[in-house]
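Read the structure below first, then the notes.
Treat the numbers as computed from the prediction; the structure is a model and nothing was measured.
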Amino acid sequence: MSKTSHPTTLPPPQAEVKASFTPVAVTRRRVAPLIGRARRAAAGRLVTFVLLCAAAAVILAPLWWMFATSVESIPEILTPPPRWVPSHWLWSNYVAMLTIFPFGTYLKNTLIYGVLYTGGTVASSAICAYSFARLRWPGRDVVFVLVLATMMIPFPATMVPLYLIFRAINWTNSLKPLIIPSITASPFFVFLLRQFFLTISLELTEAALIDGASHLRIFLQVIVPLSRPALITATVFSFVYAWNDFLGPLIYVTDPSRQTLAVGLQALSATGFHSVNTNTLMAAAMLTTLPMLIIFAGAQRYFVQGIAMTGFKG
């Protein structure tokens with residue numbers, strides 16, 4: 001009995017399995033998850049971009065409103081609905097503001113206060129932070145905790161005693177009560193710089209000590225150059241505080257020719273100083289805010305790096 005030969009064929013299920021493992025199908029299976037993840041990542045970046053743009057618009061809207069008001073006329077300001085873009089740009093409002101507002105005098109006083117206060121605060125805080133981060137002395141950690149505890153004491157609690165002390169030594173009606181105490185360091189900046197100093201390799205300090213370098217030389221030639229982001233961050237924080245300080249100059253300085261911009265701007269808006277228009281007041285506020293915007297824009301890279309690299313080691 002002869003056997004008839006039949007062509008060899010695979011059953012349909014096996015044929016489908018074989019077809020499913022072709023190089024093209026395998027490639028598609030491997031690429032499909034990657035494409036899906038890439039699309040989800042792109043959608044996430046798009047959503048993040050939209051949210052950041054919305055947040056930036058909310059932050060910049062008051063600044064733009066202040067600038068637009070500073071170059072508008074009074075009838076245009078009072079006419080509803082409010083306009084985001086002025087129909088007529090009146091730069092003469094800034095000239096009028098400078099005629100009734102001693103901006104140059106206030107700017108000079110604010111710069112003197114800001115520069116000297118910032119220099120004293122950052123220098124003294126950096127020295128104290130180096131002591132807490134690199135030197136070993138009895139009770140170091142206890143003293144550091146006490147320094148941090150002073151941050152919980154609000155300024156109004158010490159305002160009256162400080163004023164009585166400064167009046168007794170005849171420092172009132174000057175910038176001395178605002179500048180000279182800065183050499184006693186700031187607890188916040190001591191903490192900020194100490195945490196950054198702890199991230200610097202200890203081997204660098206030990207190698208410098210073996211080579212015969214003093215701690216002062218190590219601080220100036222090793223720690224300070226490596227801590228530029230943190231020092232710039234402390235400088236920006238300190239200068240912004242001095243620039244915006246209102247309560248201190250208001251309490252200790254009574255002579256208008258020695259006042260700072262923050263107090264002068266408040267006096268400009270008061271009814272007893274001058275009868276000013278809204279556009280003139282916004283022009284003064286815009287010139288007062290502009291230096292801070294420039295400083296932050298210039299130091300933003302170091303500012304973000306200093307905050308990001310300041311850990312909580314130790």
Side-chain angles (χ1 to χ4, degrees), residues 45-115 118 232-233 235-250 253 256-304:
R45 287 193 297 268
L46 179 60
V47 173
T48 303
F49 178 76
V50 172
L51 293 177
L52 290 177
C53 289
V58 172
I59 295 173
L60 294 177
L63 294 175
W64 174 257
W65 183 265
M66 179 172 60
F67 170 72
T69 305
S70 68
V71 294
E72 287 181 338
S73 63
I74 294 299
E76 189 174 3
I77 294 175
L78 300 178
T79 301
R83 297 182 180 181
W84 287 93
V85 180
S87 58
H88 299 285
W89 299 72
L90 300 178
W91 300 103
S92 58
N93 294 337
Y94 286 85
V95 179
M97 180 271 299
L98 294 175
T99 58
I100 65 174
F101 183 62
F103 183 82
T105 302
Y106 292 151
L107 178 62
K108 181 191 68 174
N109 297 334
T110 305
L111 288 176
I112 293 174
Y113 172 31
V115 172
T118 300
I232 293 178
T233 300
T235 300
V236 171
F237 273 145
S238 180
F239 189 81
V240 170
Y241 169 79
W243 186 273
N244 296 328
D245 187 16
F246 173 77
L247 192 56
L250 180 66
V253 183
S257 63
R258 299 179 181 178
Q259 287 289 3
T260 59
L261 278 172
V263 180
L265 190 62
Q266 190 275 337
L268 180 65
S269 62
T271 56
F273 187 85
H274 279 294
S275 179
V276 297
N277 297 321
T278 304
N279 49 13
T280 306
L281 180 61
M282 291 297 104
M286 190 67 200
L287 290 182
T288 303
T289 308
L290 186 60
M292 293 297 96
L293 298 178
I294 296 175
I295 290 176
F296 181 79
Q300 181 181 8
R301 179 167 62 92
Y302 299 102
F303 178 78
V304 175

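- Qualifying side chain to side chain donor-acceptor pair (under 3.5 Å) partners for Asn109, counting only residues two or more places apart in sequence or in other chains: none.
- Sorted by first and then second residue, the pairs that involve residues 65-81 and meet salt bridge (Lys or Arg N to Asp or Glu O under 4.0 Å), not counting sequence neighbours, are Glu76-Arg83.
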Using residues 282-295 as the side-chain source, report each donor-acceptor pair under 3.5 Å to any protein atom, sequence neighbours left out, with the distance given to one decimal.
from	atom 1	to	atom 2	distance (Å)
Thr288	OG1	Ala284	O	2.8
Thr289	OG1	Ala285	O	2.8

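- With a 4.5 Å cut-off on side-chain heavy atoms, Thr118 and Phe237 do not count as touching.
- The two atoms that bring Thr260 and Tyr113 nearest to each other are CG2-CD2, 4.2 Å, heavy atoms only.
- Listed for the Ser238 side chain is no donor-acceptor partner under 3.5 Å among the backbone atoms of Thr235.
- Interatomic distance, CG of Asn93 versus CG of Leu98, reported as 11.0 Å (0.5 Å rounding).
- For residues 48-66, no residue pair satisfies the side-chain hydrogen bond (donor to acceptor under 3.5 Å, both in side chains) rule, not counting sequence neighbours.
- More than 12 heavy atoms of other shown residues, nucleotides or ligands fall within 6.0 angstrom of atom CZ in Phe67.
- Contact of the Val263 side chain with the Asp245 side chain is not registered, since no non-hydrogen atoms from C-beta on lie closer than 4.5 Å.
- The minimum heavy-atom distance between Phe239 and Val115, with the atom names listed, is CE1-N, 4.0 Å.
- Considering only heavy atoms from C-beta on, Val50 stays 4.5 Å or farther from Val47 through its side chain.
- A pairwise comparison of heavy atoms in Ile59 and Pro62 identifies O-CD, 3.2 Å as the closest pair.
- Evaluation of the salt bridge (Lys or Arg N to Asp or Glu O under 4.0 Å) test over residues 87-108, restricted to residues two or more places apart or in two chains, returns none.
- Under the 4.5 Å side-chain criterion, counting only non-hydrogen atoms from C-beta, Tyr94 is not in contact with Thr280.
- If you take OG1 on Thr110 and CD on Gln259, they are separated by 9.5 Å, rounding to the nearest 0.5 Å.
- Taking each heavy atom of Ala68 and Pro86 in turn, the nearest pair found is O-CG, 3.7 Å.
- Counting only residues at least two apart or on different chains, no salt bridge (Lys or Arg N to Asp or Glu O under 4.0 Å) pair has a member in residues 47-68.
- At distances below 3.5 Å, not a single donor-acceptor pair connects side-chain atoms of Asn279 with backbone N or O atoms of Ser73.
- By the 4.5 Å heavy-atom criterion applied to side chains, Phe103 and Leu261 are counted as neighbours.
- The two residues Thr278 and Ile74 make their nearest non-hydrogen contact at N-CD1, 3.9 Å.
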